Amino acid sequence: MTRPGRDFFEKPGIEVARGLLGKILVRKTGGGIISGKIVETEAYIGEEDLASHARFGKTARNRVMYGPGGFLYIYLIYGIYFNLNIVAAQESVPEAVLIRALQPVAGLELIKENLEKFGRVRADRNLMKGPGKLCVALDLDKSFYGEDLASSKRIWIEDAGEAPRIEASPRIGIDYAGAFREKPWRFTVSGNSFISK
DNA sequence: ACATGGATTCGCT
DNA sequence: GCGAATCCATGTT
């Protein structure tokens, strides 16, 4: 297992979104290791992408998107859930990849504990399907904003050497995005049952 | 300051 | 497959 370095992330967002599929996201908590295979991603590409948080330019919230690739962009959505993004492309180019679903690999008990703690989410179904639940399962919060995947000791990516077959489709939940609504920038591992839809 | 609205989820059909 | 709840951080759209 090798850990992708800065160069892996400092490529166009679409390439990173595809490249992340089949890789393992590892989270080290006080209780142990949680890990999952990335099976669903979405790319958000630049200020002209009307679905992207960068569409209004640089703000306090999205500033990390304008930094170098490989850092985490985490934000609160609907007042309750966090979403996990990985910044792509080079400094000053605001691109990011939303992680939408993981296939559990290790730490199933910890995942269930985290979901139970959250209360709203039942622990017995669809463990890491959907970006909000995935963050609950991994016990991620605002303190991970700006975390560096290339050097962090509590969250990182490992390359399992897999090159899965990939399908592209329109992104989820962005009906407001006008001409960008139909862009096929959502990527899934072909035939995998752990994707969110 | 504060109204706004959302890169969702769940539960019901 | 669809509709509605939910609620706080964000940007002032």
Side-chain angles (χ1 to χ4, degrees), chain A residues 9 12-18 20-21 25 36 38-67 69 71-89 93-104 111-112 114-147 149 166-189 193-197:
Chain A
F9 300 104
I14 289 171
E15 203 177 318
V16 176
R18 300 180 69 102
L20 282 169
L21 293 179
L25 180 63
I38 299 171
V39 295
E40 179 179 356
T41 60
E42 283 180 4
Y44 289 84
I45 304 299
E47 294 182 345
E48 56 296 345
D49 179 357
L50 296 176
S52 172
H53 286 173
R55 67 189 181 278
F56 300 125
K58 190 174 183 176
T59 66
R61 176 169 72 154
N62 67 23
R63 77 192 131 78
V64 72
M65 289 179 77
Y66 287 77
F71 289 79
L72 297 186
Y73 171 38
I74 292 202
Y75 62 89
L76 188 69
I77 185 72
Y78 294 112
I80 39 181
Y81 296 105
F82 288 104
N83 276 7
L84 169 65
N85 295 251
I86 298 173
V87 176
V93 181
E95 303 191 350
V97 177
L98 171 66
I99 308 299
R100 286 194 60 89
L102 298 178
Q103 174 175 348
I111 292 170
K112 288 181 180 173
N114 290 334
L115 291 170
E116 271 162 15
K117 249 183 280 170
F118 195 71
R120 283 181 62 102
V121 182
R122 309 226 318 247
D124 56 337
R125 47 187 283 215
N126 303 335
L127 267 28
M128 294 150 101
K129 274 186 190 186
K133 271 196 307 190
L134 179 155
C135 287
V136 173
L138 293 177
D139 194 23
L140 297 177
D141 58 39
K142 203 105 214 279
S143 77
F144 283 83
Y145 185 94
E147 191 91 356
L149 282 180
I166 295 169
E167 283 174 27
S169 55
R171 294 170 292 179
I172 305 289
I174 53 153
D175 289 345
Y176 56 82
F180 283 78
R181 192 164 55 114
E182 297 299 326
K183 296 277 184 196
W185 291 347
R186 169 176 179 249
F187 303 99
T188 55
V189 170
S193 61
F194 290 89
I195 64 178
S196 68
K197 289 203 172 168

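Below, chains carry the letters A, B, ... as their sequence lines are ordered, and counting in each starts from 1. Heavy atoms only: backbone and side chains are in, while hydrogens, waters and symmetry mates are out. What you see is a predicted model, and the numbers here were worked out from it, not measured in a lab.
What separates CZ of Phe118(A) from P of dT8(B) is a distance of 14 Å, to the nearest Å. One atom, CZ of Arg171(A), and another, C1' of dT8(B), lie 16 Å apart when rounded to the nearest Å. Whole-Å rounding puts the Tyr145(A) OH to dT10(C) P distance at 9 Å. Look at OH on Tyr176(A): it is 19 Å from P on dT4(B), rounded to the nearest Å. Rounded to whole angstrom, the span from the CZ atom of Phe82(A) across to the P atom of dT9(B) amounts to 14 Å. Going from atom CD1 of Ile174(A) over to atom P of dG5(B) covers 18 Å, rounded to whole Å. Nucleotide dT9(B) holds its P atom 12 Å from the NZ atom of Lys129(A), rounded to whole Å. Residue Asp175(A) contributes atom CG, which lies 10 Å from atom P of dT8(B) at whole-angstrom precision.
When all heavy atoms are compared, the tightest approach of Leu21(A) to Val39(A) is CD2-C, 3.4 Å. Considering all non-hydrogen atoms of both residues, Arg100(A) and Leu134(A) come closest at C-CD1, 3.8 Å.
The listed nucleotides are dT9(B), dA9(C), dA7(B); the one nearest the side chain of Leu76(A) is dA9(C). Listed nucleotides: dT9(B), dA7(B), dG11(C). Nearest to the side chain of Tyr75(A): dA7(B). Of the listed nucleotides (dG11(C), dT9(B), dT10(C)), dT9(B) has the atom at the smallest distance from the side chain of Tyr81(A). In this structure, the nucleotide among dT8(B), dC7(C), dT9(B) sitting nearest to the side chain of Ile80(A) is dC7(C). Nearest nucleotide to the Arg100(A) side chain, out of dG11(C), dG6(B), dT8(B): dT8(B).
Proximity of Lys58(A) to the phosphate of dG11(C): no side-chain N or O atom is located under 4.0 Å from OP1 or OP2. Remark: Lys133(A) is in phosphate contact with dC10(B), judged by side-chain N or O atoms under 4.0 Å from OP1 or OP2.
Heavy atoms of Arg61(A) sit under 4.0 angstrom from primed sugar atoms or phosphate atoms, though from no base atom.
Of the residues near DNA chain C, Arg55(A) and Tyr78(A), the one whose nearest nucleotide (by heavy atom distance) lies more toward the 5' end is Tyr78(A).
In this structure, Tyr75(A) and His53(A) have perpendicular ring planes: the angle between them is above 60°, well past the 30° mark.
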**Message:** ring pair (Phe, Tyr, Trp, His ring centres under 6.0 Å) for Phe82(A) and Tyr145(A)? Distances and angles first, verdict last.
**Reply:** CA-CA 11 Å; Phe82(A) 288 104; Tyr145(A) 185 94; over 10 Å; no
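Rounding to the nearest 0.5 Å gives a distance of 9.5 Å between CG of Leu84(A) and CZ of Phe144(A).
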**Fill in**
With both pairing distances under 3.5 angstrom for Watson-Crick or G-U wobble, and | for a partner in another strand, the correct string for DNA chain C is |||||.||||||.
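By the 6.0 Å and 45° rule, Arg171(A) stacks over the aromatic ring of Tyr44(A).
Under a 3.5 Å cut-off, the side chain of Glu42(A) and the backbone N or O of Ile172(A) do form a donor-acceptor pair.
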